[in-house]
Engineer: 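I have a structure I would like to understand better, so I am pasting it below and will then ask my questions one at a time.
So you know, we letter chains A, B, ... as the sequences are listed, proteins then strands, and number each from 1. Note that these values count all heavy atoms, side chains included, but never hydrogens, waters or copies made by symmetry.
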Amino acid sequence: MAAKHNSEYESSELYRIRHSAAHVMAEAVLEKFPEGKVAIGPAIADGFYYDFDLPRALTPEDLSEIEDRMKKIIKGKHPFTKEVLSADEAKKIFADQPFKIELIEGLESGSLDEDGNPTDEKPEISIYRQDKFVDLCRGPHVENTSKINPNAIKLLNVSGAYWRGDEKRPMLQRIYGTAWEKPQDLKDYLWKLEEARKRDHRKLGKELDLYSINEEVGQGLILWHPKGAKVRKLIENFWSDEHEQAGYDFVYTPHIGKAQLWETSGHLGFYNENMYAPIDIEGIKYYIKPMNCPFHVYIYKNSLRSYRELPIRLAEMGTVYRFERSGVLHGLTRVRGFTQDDAHHFCHPKHMPAEIDFVVEFSLKMLRAFGFDNFQAYLSTKPEKSVGDPERWKAAEEALEASLQRHNLPYEIDKGGGAFYGPKIDFKVNDAIGKDWQLSTIQFDFNLPERFDINFIDENGQETRPYMIHRALLGSLERFFGVLIEHYGGAFPAWLAPVQAEIIPIADRHIDYANEIASAMRKDKLRVHVDARSDRMNSKIRDAQREKIPYMLIIGDKEMESGQVSLRKRNGEDLGSMPVAEFVSLAKDEVDKKI
RNA sequence: GCCAACAUAGCUCAGCUGGUAGAGCAGGCGUUUCGUAAACGUCAGGUCAGGAGUUCGAAUCUCCUUGUUGGCUCCA
């Protein structure tokens with residue numbers, strides 16, 4: 001992802017507090033480990049971190065000790081003072097700090113800035129001192145340590161981090177901390193983290209019995225349980241209806257394809273590290289598909305195409321398998337086998353802008369249907385490993401950018417983040433923990449048409465190469481489901497809830513009536529379940545509540561006599577008794593409105 | 001993959017410095033038939049992730065493997 005530079009945040013007092021807290025933490029760590037080496041320690045969203053090379057691994061006890069030392073340093077009211085100096089002077093000061101020396105050399109040569117990014121100008125070299133600690137730093141900082149509220153900081157965790165983010169370089173220990181202006185802000189933040197944990201799709205997935213991952217089956221491979229599968233089916237149905245109306249044709253393609261196919265497509269050359277080892281079938285190598293595109297291309301190529309048929313939009317819920325390193329797997333959001341809501345558009349070059357607009361709009365419509373209004377757009381440009389000439393890359397990037405501008409969508413540029421075959425627009429949404437996940441992706445491709453030599457006959461009877469767009473709107477059903485669970489906190493809106501209404505008979509004599517209205521409601525396409533256990537009503541309500549079922553229908557003597565149901569919603573609202581038909585129309589109305 | 005931590009019943013977790021497992025919920029059975037977030041009783045459940053080692057003795061100590069978590073790197 002592109003480096004985010006939020007200048008408003010960077011010039012705020014809070015940013016200075018966090019950055020200063022990082023320096024104080026470094027001082028505290030060096031007090032404890034005088035032989036420790038310091039790397040870098042910036043302020044980040046919600047806090048700060050600092051990387052160290054230390055003689056041993058840190059424990060949670062070390063963290064609280066470091067935190068205590070920090071509080072002592074803060075109370076010393078030490079001023080932060082800045083000095084600008086030459087590279088040589090700086091090297092003397094940091095003689096026993098190899099990481100700092102490397103940073104100074106980067107600044108000196110003017111080739112790298114302090115984040116290790118290439119830069120044109122030679123930045124000035126400055127240091128900041130507070131108490132016994134001195135750090136190579138551009139600043140800014142608070143005036144003195146007392147500006148940091150000792151009761152509004154907390155060290156959160158330790159983790160490994162490569163020096164300069166390069167896995168070939170040493171692994172350092174990174175301490176993450178958070179700092180706020182007031183203790184109450186810290187409390188609020190910690191409460192927010194706690195709330196986020198409650199919405200975690202891995203926790204809810206287990207509690208609501210939606211899916212599981214089994215060690216024997218394999219890492220990153222999802223088992224969809226009946227309730228999760230129900231939600232998936234509802235998503236797929238909605239998706240199919242929308243696509244059908246939007247002019248897509250559905251296709252199905254195999255899970256494996258010959259090596260030659262992936263050779264032609266360029267995947268073996270450019271996407272190899274994400275592909276699994278080939279399978280030998282009668283001496284011929286086949287690969288499990290990491291993408292669906294080559295198959296769709298062959299469906300296009302199967303017949304002679306006229307400009308009159310374009311655009312052709314081929315859609316498929318295509319299941320793909322990609323190698324992901326074990327350490328990156330994460331619940332439903334990062335897996336090894338997943339189903340993309342994939343489609344490929346083939347269009348006349350002159351219709352490309354309109355076609356991009358169409359997909360952008362369709363994509364937004366789809367995300368909004370699931371209640372996502374907060375997403376960020378990214379424009380990803382040419383990566384280092386890519387095919388196609390730079391001229392065309394540039395033109396394609398401009399075409400995508402123009403569409404974003406036409407739709408007034410704020411976007412960021414993700415430099416070098418494109419696919420190997422073309423630039424792309426991505427939409428990301430935030431999950432409960434504030435992590436953003438890429439869902440929609442709209443990718444321009446001028447390479448596969450070339451590589452597979454696909455054509456259409458244009459208005460002048462000439463063979464012409466179509467342009468191609470790859471797109472996945474929900475991204476993958478697995479990731480989408482994970483993000484959706486967190487988005488709704490497991491309380492799916494009625495149209496997506498696996499069980500929409502739990503019918504709760506108060507006593508056994510009400511069960512027959514409960515079953516009767518249940519089957520009537522099923523005819524009205526409502527998903528209902530009768531809780532016929534011999535438990536008390538209170539306990540049935542409690543269970544339905546925990547399952548986050550939208551409607552609870554209480555059936556007792558009164559309801560049975562009057563042919564009614566008593567409706568309780570999962571938010572605790574008691575709507576009292578109403579005729580069954582009234583409930584059905586209320587529920588269907590909410591289902592239609594997707595609320 | 002890398003750094004670190006963790007893995008005890010279906011779930012959530014106890015089990016101190018080694019003396020061969022325990023609770024609540026869920027489940028089975030029985031009693032109860034109840035008006036808006038937990039009725040009562042009873043029974044059953046575990047090769048303590050897997051393997052090897054140290055020891056008279058390992059859930060507990062050591063090593064390896066598998067998996068999970070938090071990050072790094074990478075991505076739908």
Engineer: Give one of base, sugar-phosphate or nothing for A/D557, where a contact means two heavy atoms less than 4.0 Å apart.
Structural biologist: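 A/D557: base contact, heavy atoms under 4.0 Å.
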Engineer: Between B/C34 and B/G70, how far is it from one P atom to the other, in whole Å?
Structural biologist: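 That atom pair is separated by 48 Å.
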Engineer: Pick base, sugar-phosphate or nothing for A/S534, based on heavy-atom distances below 4.0 Å to the nucleic acid.
Structural biologist: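 Base contact - A/S534 has a heavy atom under 4.0 Å of at least one base atom.
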Engineer: In whole Å, measure the gap between the P atoms of B/U55 and B/G50 for me.
Structural biologist: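 Straight-line distance between the two P atoms is 23 Å.
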Engineer: Give a yes/no on whether any side-chain N or O of A/R533 is located under 4.0 angstrom from OP1 or OP2 of B/U32.
Structural biologist: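 So the side-chain polar atoms of A/R533 never come under 4.0 Å of the phosphate oxygens OP1 or OP2 of B/U32.
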Engineer: Please determine, for the side chain of A/S539, which listed nucleotide (B/U33, B/A39, B/U68) has the closest atom?
Structural biologist: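 Shortest atom-to-atom distance from the side chain points to B/A39.
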Engineer: Considering only heavy atoms and no angle criterion, is a donor-acceptor pair shorter than 3.5 Å present between the side chain of A/E559 and the base of B/G35?
Structural biologist: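 Under the 3.5 Å cut-off, the side chain and the base do form a donor-acceptor pair.
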Engineer: So does A/Y162 reach the base of B/G1 with its side chain, donor to acceptor, closer than 3.5 Å?
Structural biologist: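 Yes.
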Engineer: State the syn/anti category of B/G57 according to its glycosidic angle, syn meaning within 90° of 0.
Structural biologist: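 Base orientation relative to the sugar is anti.
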Engineer: I'd like to know if A/R334 reaches the base of B/C74 with its side chain, counting only an N/O donor and acceptor under 3.5 Å.
Structural biologist: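 Yes, the side chain and the base share a sub-3.5 Å donor-acceptor pair.
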Engineer: When the C1' atoms of B/C48 and B/C6 are compared, how many Å lie between them, rounded to an integer?
Structural biologist: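 So the two C1' atoms sit 14 Å from each other.
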Engineer: So, is A/K206 near the phosphate of B/U12, with a side-chain N or O under 4.0 Å from OP1 or OP2?
Structural biologist: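 The answer is yes; a side-chain N or O of A/K206 sits under 4.0 Å from OP1 or OP2.
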Engineer: Using OP1 and OP2 only, check whether a side-chain N or O of A/Q438 sits under 4.0 Å from B/C75.
Structural biologist: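 It does not, given that no N or O in the side chain of A/Q438 lies less than 4.0 Å from OP1 or OP2 of B/C75.
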Engineer: Please tell me if A/K424 has a side-chain N or O lying less than 4.0 Å from either OP1 or OP2 of B/A76.
Structural biologist: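 So the side-chain polar atoms of A/K424 do come within 4.0 Å of the phosphate oxygens OP1 or OP2 of B/A76, strictly under.
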Engineer: On RNA chain B, does the nearest nucleotide to A/F323 precede the nearest nucleotide to A/S476 from the 5' side, or the other way round? Give the residue.
Structural biologist: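 Upstream on the strand: A/F323.
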Engineer: Scan A/G165 against the nucleic acid and name what it touches under 4.0 Å (heavy atoms): base, sugar-phosphate only, or nothing.
Structural biologist: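 Sugar-phosphate, backbone atoms only, no base.
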Engineer: Please determine if a side-chain N or O atom of A/R546 lies less than 4.0 Å away from the OP1 or OP2 oxygen of B/A38.
Structural biologist: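 Indeed not, no polar side-chain atom of A/R546 lies that close.
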Engineer: Taking atom C1' in both B/U66 and B/A26, what distance in whole Å separates the two?
Structural biologist: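 Approximately 28 Å lies between the C1' atom of B/U66 and that of B/A26.
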Engineer: Out of A/L58, A/D53, A/D62, which residue meets the side-chain contact (heavy atoms from CB on, under 4.5 Å) rule with A/Q173?
Structural biologist: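 So the option named by the test is A/L58.
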Engineer: Just call it for A/S440: base, sugar-phosphate, or nothing, with non-hydrogen atoms closer than 4.0 Å on any strand.
Structural biologist: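 Here A/S440 touches no strand at all.
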Engineer: Below 4.0 angstrom from OP1 or OP2 of B/G70, is there any side-chain N or O of A/H330?
Structural biologist: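 Yes, within the criterion.
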Engineer: Taking OP1 and OP2 of B/A37, is either one under 4.0 Å from a side-chain nitrogen or oxygen of A/R568?
Structural biologist: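 For A/R568, the contact criterion (side-chain N or O under 4.0 Å from OP1 or OP2 of B/A37) is met.
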Engineer: Taking any strand in view, what nucleotide pairs with B/C40 in a Watson-Crick or G-U wobble way, both distances under 3.5 Å?
Structural biologist: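 Looking at the geometry, B/C40 pairs with B/G30.
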Engineer: Under a 3.5 Å cut-off for both distances, is B/U55 Watson-Crick or wobble paired, and to whom?
Structural biologist: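 Partner of B/U55: none found under 3.5 Å.
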Engineer: Give a yes/no verdict on a cation-pi contact between A/R313 and A/F358, requiring under 6.0 Å between NZ or CZ and the six-membered ring centre and an angle within 45° of the axis.
Structural biologist: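 Verdict for A/F358: a cation-pi partner in A/R313.
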Engineer: Taking only side-chain N and O atoms of A/R536, does any of them lie within less than 4.0 angstrom of OP1 or OP2 on B/A38?
Structural biologist: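 For B/A38, OP1/OP2 do not have a side-chain N/O of A/R536 under 4.0 Å.
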Engineer: Is there, by distance only and without an angle test, a donor paired with an acceptor across the side chain of A/D508 and the base of B/U33 below 3.5 Å?
Structural biologist: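 Answer yes: a donor N or O sits under 3.5 Å from an acceptor.
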Engineer: Do the two ring centres, one from A/H267 and one from A/Y287, sit under 6.0 Å apart?
Structural biologist: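 Judged by ring-centre distance (under 6.0 Å), A/H267 and A/Y287 do not meet the cut-off.
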Engineer: Between B/A4 and A/Q173, is there an OP1 or OP2 to side-chain N/O distance shorter than 4.0 Å?
Structural biologist: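 The answer is no; no side-chain N or O of A/Q173 sits under 4.0 Å from OP1 or OP2.
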Engineer: Is the base of B/C75 touched by the side chain of A/R479 through a donor-acceptor pair closer than 3.5 angstrom?
Structural biologist: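 Such a pair is found, so the answer is yes.
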Engineer: Look at the side-chain N and O atoms of A/Y321 and state whether any lies under 4.0 Å from the OP1 or OP2 oxygen of B/A76.
Structural biologist: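 So the side chain of A/Y321 is outside the cut-off, no N or O lying under 4.0 Å from OP1 or OP2 of B/A76.
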Engineer: Report which part of the nucleic acid A/E324 touches: base, sugar-phosphate, or nothing (heavy-atom distance under 4.0 Å, all strands).
Structural biologist: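 Base contact.
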